[in-house]
There are 2 protein chains.
Amino acid sequence: MVIMTRTDPPRDVIRVAVSTVIFSLRRDRPGAPASVVLPLVRRTRNPHEGLWALPGGWLDATEQLETAASRTLAETTGLAPSYLEQLYAFGDVGRSSDRVVSIVYWALLREGAQLPEDAENVAWFDAAHLPPLAFDHNHIVEYALWRLRNKVGYSRIAHGLLPDLFTLADLREVYEAILDRDLDPANFRRQVENSGTLIPTDRFRTGSHRPARLYRYNQDVELAERGPLRDPSPTRHQKAAS
Amino acid sequence: MVIMTRTDPPRDVIRVAVSTVIFSLRRDRPGAPASVVLPLVRRTRNPHEGLWALPGGWLDATEQLETAASRTLAETTGLAPSYLEQLYAFGDVGRSSDRVVSIVYWALLREGAQLPEDAENVAWFDAAHLPPLAFDHNHIVEYALWRLRNKVGYSRIAHGLLPDLFTLADLREVYEAILDRDLDPANFRRQVENSGTLIPTDRFRTGSHRPARLYRYNQDVELAERGPLRDPSPTRHQKAAS
DNA sequence: GCAAAAGTGTTCGGCGTACACCCATGA
DNA sequence: TCATGGGTGTACGCCGAACACTTTTGC
């Protein structure tokens with residue numbers, strides 16, 4: 001157990017942690033512009049006690065990296081991510097008092113995710129206005145935001161922040177919140193329509209002005225490249241060849 | 001069962017390794033088309049003994065990740081890379097007999113790099129035709145190649161494979177070797193000229209037909225984004241807060 | 001009817017591609 | 001003078017940006 005080794009980790013021991021930067025969207029009130037938020041946990045133990053930090057924990061020797069990331073996510077938010085990707089391995093000598101290599105993941109949650117009722121020491125923060133965090137976590141979040149903004153430009157990642165049914169305005173507002181600038185509704189419509197990732201439904205969202213058509217995400221299309229090919233066993237291509 | 005010459009590591013111990021995929025270019029003879037090559041080392045110890053593997057080693061507890069990558073590179077090739085970037089952290093439970101998390105880097109060497117005379121158990125391999133490698137190293141090289149091909153499309157990374165002075169044809173051949181397709185010399189010229197990354201010199205390469213102007217790389221421009229902003233010590237935000 | 005968002009049409013400029021063409025050198 | 005690669009000019013097509021315009025609802 002962890003507490004045991006805490007007394008005196010030998011000088012040559014390197015420990016492996018897994019943390020996750022979890023992005024979601026929140027609006028102050030319905031109709032208000034959305035902003036990017038992420039959950040942080042308050043540290044209750046020795047290094048940086050009292051500061052907010054990324055959710056994470058020690059990697060178990062029998063646990064896959066991605067499983068560890070999902071676990072920390074479930075433990076803090078109680079929800080499953082719509083997207084999960086490795087971000088970077090942070091391992092600078094000076095980033096903690098003893099030597100820790102953190103494999104950091106980043107994840108997306110669909111808009112409207114709620115923290116469990118009994119969540120203690122967990123809270124949502126506006127990604128653009130973070131307090132000083134524990135360790136190098138400000139640095140890590142900045143990099144995750146950079147990756148998010150980057151990836152939104154060449155992938156369909158933004159869908160990971162939306163519920164199953166959404167309007168084109170919903171989707172556009174996701175892009176606007178991430179990129180922090182306004183987009184032309186007319187051009188935006190054509191771009192996503194031509195991308196082949198949206199399935200129009202017969203349903204409309206009513207309530208204000210002209211009703212907007214609801215769309216569904218085309219599950220056949222991957223949200224984005226998530227890193228090295230997963231599961232080298234049976235892909236569609238290999239199945240067809242056999 | 002695996003025979004360990006060392007005392008068996010406890011079941012809950014996770015060890016951290018650093019490996020590097022090092023790309024360079026080689027031509028069978030001057031003027032011949034270039035191909036992407038990488039150095040591999042033959043394993044002389046127990047797991048996968050005799051198989052070729054990526055150069056690497058255990059991370060020292062007092063050693064920065066990137067330093068460890070550079071060290072393995074120097075130990076095998078005796079040369080300094082022109083580019084070095086973290087690729088991915090591979091940590092699947094089944095990838096080794098005991099639990100190893102490998103922080104893998106990828107690097108570029110300028111064309112013409114020579115292995116040291118006394119190099120034993122090290123050899124260059126054509127990246128497109130690798131034998132079965134130790135562990136998941138075939139998988140890792142494939143991913144590094146994907147990243148290389150990708151990055152060549154939106155960054156100036158290809159310069160990292162060339163010497164200080166080069167012709168536009170040299171540079172074009174780098175792209176052609178990486179992308180494995182021919183490029184229009186006329187259009188290629190305009191694209192790189194407009195990118196502002198090349199400094200024309202007054203020198204020409206003579207020897208065959210019309211002499212070609214030699215160019216130099218503009219050092220003011222970074223080859224590419226290499227990951228999280230380096231030097232995490234004093235960020236603007238933390239300075240202001242203190 | 002009016003405001004406002006949904007949705008369509010049109011124009012313009014940049015940029016990548018294709019390709020014709022001229023230039024300079026070695027043999 | 002010819003072959004060959006260096007280097008220039010030009011036309012086409014696509015796509016993103018800008019923006020005018022029509023449609024459909026709530027009030």
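A, B, ... follow the sequence lines: proteins, then strands. Residue 1 opens every chain.
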Practice problem: Return the minimal non-hydrogen interatomic distance between Ala32(A) and Arg27(A), and the atom names on each side. | Solution: O-NH1, 3.1 Å
Quiz item: When we call it a touch if two heavy atoms are under 4.0 Å apart, what does Ala186(A) touch: a base, just sugar-phosphate, or nothing?
Solution: base
Self-check item: Side-chain touch Leu133(A)/Phe135(A), heavy atoms, less than 4.5 angstrom
Solution: no
Quiz item: His209(A) side chain: which of dC19(C), dA3(C), dA18(D) is closest?
Solution: dA3(C)
Quiz prompt | Spacing between Asn187(A) atom CG and dC12(C) atom C1', to the nearest angstrom | solution = 12 Å
Quiz item: Less than 4.5 Å apart, any side-chain heavy atom of Val104(B) and any of Tyr88(B)?
Solution: no
Quiz item: Which of the following nucleotides, dA5(C), dA6(C), dA17(D), is nearest to the side chain of Gln191(A)?
Solution: dA17(D)
Practice problem: For Arg181(B) and dA18(C), give me the distance from atom CZ to atom C1', rounded to whole Å. | Solution: 13 Å
Quiz item: Is a donor-acceptor contact shorter than 3.5 angstrom present between the side chain of Arg210(A) and the base of dA6(C)?
Solution: yes
Exercise. Please work out if Arg213(A) contacts a base, only the sugar-phosphate, or nothing of the nucleic acid, heavy-atom cut-off 4.0 Å.
Key: sugar-phosphate
Exercise. Ignoring hydrogens and angles, answer whether the base of dG6(D) and the side-chain atoms of Arg205(B) contain a donor-acceptor pair closer than 3.5 Å.
Key: no
Exercise. Output the distance between atom CZ (Arg110(A)) and atom CG (Leu162(A)), rounded to the nearest 0.5 Å.
Key: 7.5 Å
Quiz prompt | Side chain to side chain, Lys151(A) and Trp106(A), heavy atoms closer than 4.5 Å | solution = yes
Quiz prompt | Out of dA17(D), dT25(D), dT8(C), whichever nucleotide has its closest atom nearest the side chain of Arg189(A) | solution = dT8(C)
Quiz item: Do Arg190(A) and dG7(C) share a donor-acceptor pair, side chain to base, under 3.5 Å?
Solution: no
Quiz item: Quick one: Leu168(A) CG to dT24(D) P, roughly how many Å, whole number?
Solution: 17 Å
Exercise. Rounded off to whole Å, could you give me the CD-to-C1' distance for the Glu193(A) and dA6(C) pair?
Key: 11 Å
Self-check item: Whole-Å distance separating the CZ atom of Phe188(B) from the P atom of dG6(D)
Solution: 12 Å
Quiz item: Separation of Asp184(A) atom CG from dT11(C) atom C1', in whole Å?
Solution: 14 Å
Quiz item: Which whole-number value in Å describes the distance from Leu183(A) CG to dC19(D) P?
Solution: 15 Å
Quiz prompt | Closest to the Arg172(B) side chain, choosing from dG26(C), dA24(C), dG6(D) | solution = dG6(D)
Quiz item: Roughly, in whole Å, what's the span from CG in Asn194(B) to C1' in dG16(C)?
Solution: 12 Å
